[in-house]
Structures are given as C-alpha cells and as structure tokens.
Amino acid sequence: LRVWDVDTGANRIIGNHNEDAEFLAFADGNRKLMTKSRGSDWLIAYDLETGKEAYQTRIEKAQIMLAGGGKFFLTHEGSYKIAVYSAETG
C-alpha cells in the first residue's frame, strides 16, 4: 500500500497485500487507513502517522461500513450478525 501526501506529493509504502485490496477507508479522524484483501478474513488498520500496522481484526466474510464519522466500523454477516468496532482500537 502506498500513500501520498496530496499537498507535497511525497509518498511512502505502509504495508502490502497478497491479493487485491477490496476495502480501503480512512477512519479515526483520518489517522488510520483500514484495508482488507480479497479472500482474506482480516481487516488491517495502519496508523498513517507512523506508517505501522495499528491492529488486525478478524471479520471473516462480512461487509464493512464506517459509522460515526469514521469513529466506528460495522460488519454485517448474513441476516442477523452485526458487530460494531472502535476504529481507534479495533
């Protein structure tokens, strides 16, 4: 994963995926980049200030949505399984 500073054009690599990324979103006040690879059961959050992995959360085959202005993310699996997570801590 490569991120760019749109003001300066500077870029850096903060992580990688073995497959195509199927989910990318800024969260936690734009301090984190949340990612999920196709075929993976793990959502990975990167701290954009340090460029390091902040946490991983196993979400299996769920759909992901941000909520609360990016403070939370929700996963939806099947008819009744909905989970709410903190975007800061997973």
Side-chain angles (χ1 to χ4, degrees):
L1 297 169
R2 184 180 300 269
V3 293
W4 278 268
D5 182 316
V6 295
D7 293 327
T8 66
N11 68 81
R12 61 190 166 131
I13 295 174
I14 62 170
N16 63 19
H17 284 269
N18 294 330
E19 299 290 333
D20 294 338
E22 67 178 8
F23 178 81
L24 294 168
F26 292 101
D28 190 26
N30 292 328
R31 292 185 295 266
K32 301 232 177 16
L33 175 63
M34 303 175 78
T35 71
K36 182 179 179 296
S37 290
R38 185 178 319 278
S40 172
D41 290 341
W42 294 92
L43 180 131
I44 303 171
Y46 294 93
D47 182 310
L48 291 173
E49 185 176 322
T50 66
K52 296 182 179 188
E53 185 178 303
Y55 60 83
Q56 291 188 20
T57 301
R58 187 171 185 167
I59 58 169
E60 300 183 24
K61 308 256 184 272
Q63 295 176 345
I64 308 162
M65 293 180 285
L66 293 179
K71 293 180 181 178
F72 303 95
F73 65 96
L74 292 82
T75 62
H76 176 262
E77 224 182 309
S79 299
Y80 302 104
K81 188 174 179 184
I82 297 174
V84 179
Y85 300 87
S86 165
E88 182 180 355
T89 61

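Since we're looking at a predicted model, the values are computed, not measured.
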Nearest 0.5 Å, what's the [atom1]-[atom2] distance between [X] and [Y]?
{"X": "T35", "Y": "E53", "atom1": "OG1", "atom2": "CD", "value": "8.5 Å"}
{"X": "I82", "Y": "Q63", "atom1": "CD1", "atom2": "CD", "value": "10.0 Å"}
{"X": "I59", "Y": "W42", "atom1": "CD1", "atom2": "CH2", "value": "10.0 Å"}

Candidate pair V3 and Y46, rule side-chain contact (heavy atoms from CB on, under 4.5 Å), full reasoning: CA-CA 11 Å; V3 293; Y46 294 93; over 6 Å; no
E22 CD: over 12 foreign heavy atoms closer than 6.0 Å: yes
Heavy atoms of other groups near F23 CZ, more than 12 under 6.0 Å: yes
Stepwise side-chain contact (heavy atoms from CB on, under 4.5 Å) check, M34 with L66: CA-CA 10 Å; M34 303 175 78; L66 293 179; 4.0 Å; yes
Do you know which two heavy atoms are closest between [X] and [Y], and how far apart they sit?
{"X": "G68", "Y": "F72", "value": "CA-CD1, 4.4 Å"}
{"X": "R12", "Y": "E49", "value": "NH1-O, 3.8 Å"}
{"X": "I14", "Y": "L48", "value": "CD1-CD2, 3.9 Å"}
{"X": "D7", "Y": "D5", "value": "N-OD1, 2.8 Å"}

side-chain contact (heavy atoms from CB on, under 4.5 Å) assessment of L43 paired with T75: CA-CA 10 Å; L43 180 131; T75 62; over 6 Å; no
Any donor-acceptor pair under 3.5 Å from Y55 side chain to A87 backbone: yes
L1 reachable from I44 in the ILVMFWY side-chain graph, under 4.5 Å edges: yes
Residues D47, K52: salt bridge by 4.0 Å N-O rule: no
